[in-house]
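Computed from a predicted model, the values in this text were never measured in an experiment. The chains referred to below are lettered A, B, ... by the order of the sequence lines, with proteins before strands, and numbering in each begins at 1. Both backbone and side-chain heavy atoms feed into the values below; hydrogens, waters and symmetry mates do not.
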Amino acid sequence: MAKFQAPKGVSEYVPDRSSHFDYVRSTLINSAQVAGYQLVELPVFEDTELFARGVGESTDVVRKEMYTFEDRGGRSITLRPEGTAGVMRAVIEHNLDRGQLPVKVYYSGAFFRAERPQAGRYRQFYQVGIEAIGLADPRIDVEVIAVADRAFKELGLKNYRLEITSLGDSATRESYLVELRAFIAGIEIDAETRERANLNPLRLFDDKRPEIREAMSKAPILMDYLTPESAADFAKVQELLTALNIDFVVNNRMVRGLDYYTGTAFEFAHTDLGAQSAIGGGGRYDGLMAQLGGQELSGVGFGLGIDRILLAREAEGLLLPAESGLDLYIVPLGVGDAALLLAEELRNRGIKVDLAFGDKALKGGMKSADKSGARYSIVLGADELASGVVHLKEMQTGESSSVTLGALANELIERISNYGEHL
RNA sequence: GUGGUCGUAGCUCAGCUGGUAGAGCACUCGGUUGUGGUCCGAGAUGUCGCGGGUUCGAGCCCCGUCGAUCACCCCA
């Protein structure tokens, strides 16, 4: 029989890598939680129309990357390609925007895009994101950026940079796009590129081909068209980022892939990742709520790619061997039942315990204890059960001391807490 | 979706101009009475990604396919 394989392009994590994945995810989530963001756990599939309208019909995501299918009731369903649209839907549906503003939520989970896979770009991938809805204030833009930056710093990342820009309000963008389209009409580009430009002229700023870059170097810049209000907001963002010691560069030709962005937009790019360098991105989306049938509320948020952050940490040599965190390993000699009962008793007291199963010789059992990474080990055999005394051995030093079985739990708990204080 | 590279034991890889597979690490057991990490010895493990073809004979050549990877489009 042919072996089953995971579907093409999905990312999945098994030991020992899974522990690194878990660490990245929990660090990102923690950074959101300390800033007062609360969990939303949302479905991975939604009405197709939600993404078509929310993400934007002109985007590649909607045009060719969505996993769309018909469910048994004939509804068109799509696996979520990003998080913001679903959050907006939930906020509107559950009237979260009727209370105190801003609504601050975070989410974490799998997302789906039907692209040609490569390292750092998967068909099922993982993101942690936050959204702050209902406050049009550059300070909240900065808070959102700071949540991401704090997480990256906690994760030990150094080789990344924050790029920011302002996309202006929708009126500004409209008038600017007229200018840009006029400019593009006057340069020489191939038919396919022109078609892309017709869909979204901003895309040409992102093109990697030198001749296109050269042609676009003389293009009008959106930043020059900002209203005084937008310009002031953008200046405030920069001022506060500086005050927070968050390094950034202004990239006035940055393009975001989703249509809903307005005002502040940002991207975190890692320098050691090749073409898939963005480890996170986000910005302000002031028209989105209304566009999805909610009230006129502004919003700002980001999505951070767990898979790519993990690759970035790996590239920076930050993936140290995982520690098991085990406190005790039990090596049974012919008394498997008693060993399991003891292990469970200790586990119920909150001690992290593993044990050898099956008939192992003492030497093999001790090898297992060694490999388990546990701080202590005991051998449990007929002698110990008869005398009620075990030798508690500290694996690193090799020292052992006699402890009665009855006192073992308390002894371990005391040693563990002392150990913690000396760290 | 377009183009390039790659696919050999659990992992990292070797395999000369085609003659039916190897190393290191890891794993299991042992080095005589109940204590691991070093050392020594022994052992198990692969339909050489999958399917066709050429050939007396293919891991090595050809075609297809699946997957990974790199770049593009695009993006987390």
Query raised in the report: Separation of Lys8(A) atom NZ from G1(B) atom C1', in whole Å?
Result: 11 Å
Report task. Among the candidates C72(B), U69(B), U35(B), find the nucleotide nearest to the side-chain atoms of Ala275(A). Result -> C72(B)
Report task. Would you please confirm or rule out a distance under 4.0 Å between OP1 or OP2 of A71(B) and any side-chain N or O of Gln118(A)? Result -> yes
Requested in this report: In whole angstrom, give me the gap between the P atoms of G41(B) and U17(B).
Outcome: 34 Å
Query raised in the report: Between Ser377(A) and Ala369(A), which heavy-atom pair has the shortest distance, and what is it?
Result: CB-CB, 4.1 Å
**Report entry** A44(B) to G24(B) separation - P atoms, rounded to the nearest Å
**Finding:** 15 Å
Query raised in the report: Of all the nucleotides listed (U69(B), U35(B), C74(B)), which has the minimum atom distance to the side chain of His391(A)?
Result: U35(B)
Query - d(CD, Gln396(A); P, G36(B)) in whole Å - result: 17 Å
Report task. May I have the distance from Met254(A) (atom CE) to C74(B) (atom C1'), rounded to whole angstrom? Result -> 15 Å
Query raised in the report: Does the side chain of Lys371(A) get closer than 4.0 angstrom to OP1 or OP2 of C27(B) through an N or O atom?
Result: yes
Query raised in the report: Counting side-chain heavy atoms from C-beta on, which of G34(B), A71(B), C74(B) comes nearest to Arg116(A)?
Result: A71(B)
Requested in this report: Check Asp286(A) against Gly299(A) and note the closest heavy-atom contact, atom names and distance.
Outcome: OD1-N, 3.5 Å
Requested in this report: Could you tell me the separation between the CZ atom of Phe4(A) and the P atom of G67(B), rounded to a whole number of Å?
Outcome: 15 Å
Requested in this report: With P as the reference atom in both, quote the distance from G37(B) to G31(B) in angstrom, rounded to an integer.
Outcome: 13 Å
Query raised in the report: When you match Ser377(A) and Leu204(A) each to their closest nucleotide on RNA chain B, which lands nearer the 5' end?
Result: Ser377(A)
**Report entry** Sugar-phosphate only, base, or nothing, as touched by Ala369(A) at under 4.0 Å among non-hydrogen atoms
**Finding:** nothing
Query raised in the report: What's the closest nucleotide to the Arg203(A) side chain, out of C70(B), C74(B), G67(B)?
Result: C74(B)
Report task. Specify the separation, in whole Å, of atom CG of Asp207(A) and atom C1' of C72(B). Result -> 9 Å
Report task. Could you give the distance separating U8(B) and G67(B) at their C1' atoms, to the nearest angstrom? Result -> 16 Å
Requested in this report: Let me know the distance between CE of Met366(A) and P of G30(B), rounded to the nearest Å.
Outcome: 15 Å
Requested in this report: Kindly indicate whether the side chain of Arg89(A), heavy atoms from C-beta on, has any atom under 4.5 Å from the side chain of Asp47(A).
Outcome: no
Query - Complementary nucleotide of C72(B), counting Watson-Crick and G-U pairs under 3.5 Å - result: G1(B)
Report task. Give none if G59(B) has no partner; otherwise give the nucleotide forming a Watson-Crick or G-U wobble pair with it, both distances under 3.5 Å. Result -> none
Report summary line: Across every strand shown, the nucleotide meeting Watson-Crick or G-U wobble geometry with G30(B) (both distances under 3.5 Å) is C40(B)
Query raised in the report: Touch check for Glu82(A), heavy atoms < 4.0 angstrom, all strands: base, sugar-phosphate only, or nothing?
Result: nothing
**Report entry** Atom P, compared across C50(B) and G7(B): separation rounded to whole Å
**Finding:** 13 Å
Report summary line: Only residue of Phe152(A), Phe302(A), Phe248(A) satisfying ring pair (Phe, Tyr, Trp, His ring centres under 6.0 Å) with Phe268(A) is Phe152(A)
Query raised in the report: Separation of Glu384(A) atom CD from U35(B) atom C1', in whole Å?
Result: 10 Å
Query raised in the report: Going by atom types alone, do Tyr13(A) and Asp307(A) pair a side-chain donor with an acceptor below 3.5 Å?
Result: yes
Query raised in the report: Quick one: which of C73(B), C74(B), U35(B) gets closest to the side chain of Glu65(A)?
Result: C74(B)
Query raised in the report: Just checking Glu115(A): base, sugar-phosphate only, or nothing, at a heavy-atom cut-off of under 4.0 Å?
Result: base
**Report entry** Donor-acceptor pair present, Lys363(A) side chain and G37(B) base, under 3.5 Å
**Finding:** no
Query raised in the report: Can you tell me how far P of A68(B) sits from CD of Glu12(A), to the nearest Å?
Result: 10 Å
**Report entry** Face-to-face stacking of Tyr126(A) with A76(B), centres under 5.5 angstrom, angle under 30°
**Finding:** no
Report task. May I ask you to say what Gly280(A) touches in the nucleic acid, namely base, sugar-phosphate or nothing, with a heavy-atom cut-off under 4.0 Å? Result -> sugar-phosphate
Requested in this report: Taking the side chain as every heavy atom from C-beta outward, state whether Leu39(A) and Tyr106(A) have any pair of such atoms under 4.5 Å apart.
Outcome: yes
Query raised in the report: Hey, does Glu131(A) have a side-chain heavy atom less than 4.5 Å from the side chain of Val40(A)?
Result: no
Requested in this report: Side chain of Gln276(A) only, please: which of A76(B), A71(B), U35(B) is the nearest?
Outcome: A71(B)
Requested in this report: Determine whether the side chains of Asp233(A) and Ser230(A) contain a donor N or O and an acceptor N or O closer than 3.5 Å.
Outcome: no
Query raised in the report: NA contact type, Arg113(A), heavy-atom cut-off 4.0 Å: base, sugar-phosphate, or nothing?
Result: base
Query raised in the report: Looking for any heavy atom pair under 4.0 Å, which part of the strands does Tyr122(A) touch: base, sugar-phosphate only, or nothing?
Result: base
Requested in this report: Name the nucleic acid region contacted by Gly365(A), choosing base, sugar-phosphate or nothing; use a 4.0 angstrom heavy-atom cut-off, strictly under.
Outcome: nothing
Query - Pair Tyr67(A)-Gln124(A), side-chain donor/acceptor within less than 3.5 Å - result: no
Query - Selection from C70(B), U35(B), C73(B) that lies nearest to any side-chain heavy atom of Lys393(A) - result: U35(B)
Requested in this report: For Gly274(A), answer base if it contacts any base atom (sugar-phosphate contacts may also be present), sugar-phosphate if it contacts only those atoms, and nothing otherwise; contact means non-hydrogen atoms under 4.0 Å.
Outcome: sugar-phosphate
Query raised in the report: Given the C1' atoms of C60(B) and C6(B), what is the spacing between them in whole Å?
Result: 15 Å
**Report entry** hbond_proxy Asp370(A) side chain to G36(B) base (donor-acceptor, 3.5 Å cutoff)
**Finding:** yes
Query raised in the report: Does any nucleotide pair with C11(B) by Watson-Crick or G-U wobble geometry, both distances under 3.5 Å, and what is it?
Result: G24(B)
Query raised in the report: Which nucleotide sits closest to the side chain of Asp383(A): C70(B), G34(B), G3(B)?
Result: G34(B)
Report summary line: Side-chain atoms of Arg121(A) come closest, of A76(B), U69(B), G67(B), to A76(B)
Query raised in the report: In Watson-Crick or G-U wobble terms, both distances under 3.5 Å, what is the partner of U45(B)?
Result: none
Requested in this report: May I ask which nucleotide in the shown strands pairs with G67(B), Watson-Crick or G-U wobble, both distances under 3.5 Å?
Outcome: C6(B)
